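Chain identifiers are assigned alphabetically (A, B, ...) following the order of the sequence lines, protein sequences preceding nucleic acid strands; residue numbering begins at 1 within each chain. Keep in mind the model is a prediction, meaning the values are calculated, not measured.
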Number of protein chains: 2
Amino acid sequence: MAVRTRRGEPLSLDEIHATALRLIDAGGAEALSMRKLAAELDVNPMSLYHHVENKTALLAGVCGLAISQLRLPPDDGRPWQEQLRALAHAYRSLAQAHPRLWAYVHEHPEVVDRKEGMGAVLRRILHAAGVPERDVEATSEILYAFVTGFVYAETRDHLGEHPGAEDVDRSYEIAIRLILAGLASGEAFDTQP
Amino acid sequence: MAVRTRRGEPLSLDEIHATALRLIDAGGAEALSMRKLAAELDVNPMSLYHHVENKTALLAGVCGLAISQLRLPPDDGRPWQEQLRALAHAYRSLAQAHPRLWAYVHEHPEVVDRKEGMGAVLRRILHAAGVPERDVEATSEILYAFVTGFVYAETRDHLGEHPGAEDVDRSYEIAIRLILAGLASGEAFDTQP
DNA sequence: ACCTGAACACCGTTCAAGT
DNA sequence: ACCTGAACACCGTTCAAGT
């Protein structure tokens with residue numbers, strides 16, 4: 001719409017990422033094309049390849065940028081239940097900020113390193129929650145899948161409409177409590193195979 | 001590879017669906033193209049449009065076919081825990097039979113009617129589990145998201161490699177037990193907003 | 001009725017050439 | 001160094017024409 005006054009000035013990676021994110025927020029990652037992005041930047045499509053290896057790398061870059069904005073809750077003295085809530089809340093907030101990008105992240109798990117960041121914090125919390133050492137890793141992956149699955153479904157459902165805050169937040173509260181109660185019971189881990 | 005002896009005989013919708021499913025099993029829905037499918041059927045690409053409205057409708061058809069193979073556990077007298085296990089098991093088995101198609105289903109939730117089939121059975125079980133009436137619907141969607149999120153992550157992780165049955169099945173068992181224990185505790189539902 | 005060939009409007013990406 | 005135009009190998013789909 002607005003005519004951009006580029007043309008001449010150098011075209012930075014930051015500018016590419018920012019514009020790509022804007023297009024993804026508007027239409028989803030599947031609607032982003034190198035050619036449309038170039039048009040939005042008022043630049044020849046092929047110029048992009050000077051700053052970015054290919055489309056996959058571009059998308060990975062944008063995802064990495066968003067992921068780096070996840071503020072992981074610190075290891076203060078709070079009970080593990082509160083820390084787990086805080087972590088889930090941080091993740092959900094980020095997804096809600098860029099729901100369409102987050103859908104892409106969920107569909108391309110290879111762009112996020114599960115071993116660092118969220119994974120490490122999750123494992124620490126599960127340890128504090130008394131999960132047996134041998135099950136911490138598996139439980140971490142399970143909870144990651146639960147929370148991402150829930151947030152994916154939630155953001156997808158509400159992409160068109162307004163939030164409808166009331167019901168959604170109650171759903172979220174129930175989901176968190178189900179997980180906390182399941183963990184606290186300890187019943188999930190007493191197998192002996 | 002093998003030269004098909006079509007050409008002349010009429011080209012049925014069933015044949016199209018079956019061949020599409022085979023291609024999806026091999027390379028995923030994103031690798032399926034109308035042109036490749038036509039080549040595999042030894043037919044002009046445009047002939048497909050005589051049997052199918054477009055690519056989206058074709059994929060919806062294949063998904064519907066797979067979904068219809070879900071054998072929902074009957075309402076026998078078993079305890080709700082066992083029925084929930086059976087339902088989750090049925091869903092997971094189906095996903096494991098066609099993991100790449102199932103990824104597509106997960107990424108396109110509009111192709112499955114959440115109100116019927118699994119949803120109805122889930123709600124019945126949750127009712128039997130003592131979930132308060134007002135929370136049955138929300139809890140059903142939460143558990144659906146949890147299970148699909150887990151199975152999606154699981155099948156995606158193990159698409160290349162062999163199952164590695166031991167660890168995976170233990171993970172699955174922990175996931176189920178977490179949910180069962182969370183539900184049984186009743187702690188998720190005693191809010192008063 | 002069922003199939004087809006040519007064509008249109010898109011893609012991502014390579015490569016040789018321009019400044 | 002950075003950008004570009006033409007070209008290649010793909011897409012989904014429309015439409016008028018063939019049997």
Euclidean distance, atom CG of residue L37(B) to atom P of dG12(D) [Å, nearest integer]
10 Å
Residues E133(B) and H127(B): side-chain donor-acceptor under 3.5 angstrom:
yes
Inspect the contact between R85(A) and E173(A) and indicate whether a charged nitrogen and a carboxylate oxygen are less than 4.0 angstrom apart.
yes
Between dG12(D), dC3(C), dG12(C), spot the one nearest the side chain of S33(A), thanks.
dG12(C)
Rounded distance (Å) that lies between atom P of dA1(C) and atom NE2 of H51(B)
13 Å
Y49(A) OH to dC2(D) P, straight-line distance once rounded to whole Å
18 Å
To the nearest Å, how far apart are I16(B) CD1 and dC2(C) C1'?
12 Å
Looking only at side-chain N and O atoms, does R100(A) offer a donor or acceptor that is under 3.5 Å from a partner on Y104(A)?
no
Atom-pair distance (CG on L11(A); P on dA1(D)), nearest Å
17 Å
Are side-chain heavy atoms of C63(B) and V112(B) found at a separation under 4.5 Å?
no
To the nearest angstrom, the NZ-P distance between K55(A) and dT14(C) comes to 14 Å
For a stem of at least 3 consecutive Watson-Crick or G-U pairs with distances under 3.5 Å, i pairing with j, i+1 with j-1 and so on, which stems involve DNA chain C?
C:4-8 with D:12-16, C:12-16 with D:4-8
Nucleotides 4-8 of chain D: which of its N/O atoms have a protein N/O under 3.5 Å away?
| from | atom 1 | to | atom 2 | distance (Å) |
| --- | --- | --- | --- | --- |
| dT4(D) | OP2 | N44(A) | N | 3.2 |
| dT4(D) | OP2 | S47(A) | OG | 2.6 |
| dG5(D) | OP2 | N44(A) | ND2 | 3.2 |

As an exercise, state the distance from CD1 of I67(B) to CG of L101(B), rounded to the nearest 0.5 Å.
8.0 Å
Quick one: does NZ or CZ of R177(A) land under 6.0 Å from the six-membered ring centre of F189(B), within 45 degrees of the ring axis?
no
CD1 of I179(B) to CG of L178(A), rounded to nearest 0.5 Å, is 8.0 Å
In the structure I gave you, are the side-chain heavy atoms of L122(A) and L143(A) within less than 4.5 Å of one another anywhere?
yes
Spacing of L23(B) atom CG relative to dC11(D) atom P, expressed in whole Å
12 Å
Residues which pass side-chain contact (heavy atoms from CB on, under 4.5 Å) with A18(A), listed by chain and number, not counting sequence neighbours:
none
Roughly how many Å is it from CG in L13(B) to P in dC2(C), rounded to a whole number?
12 Å
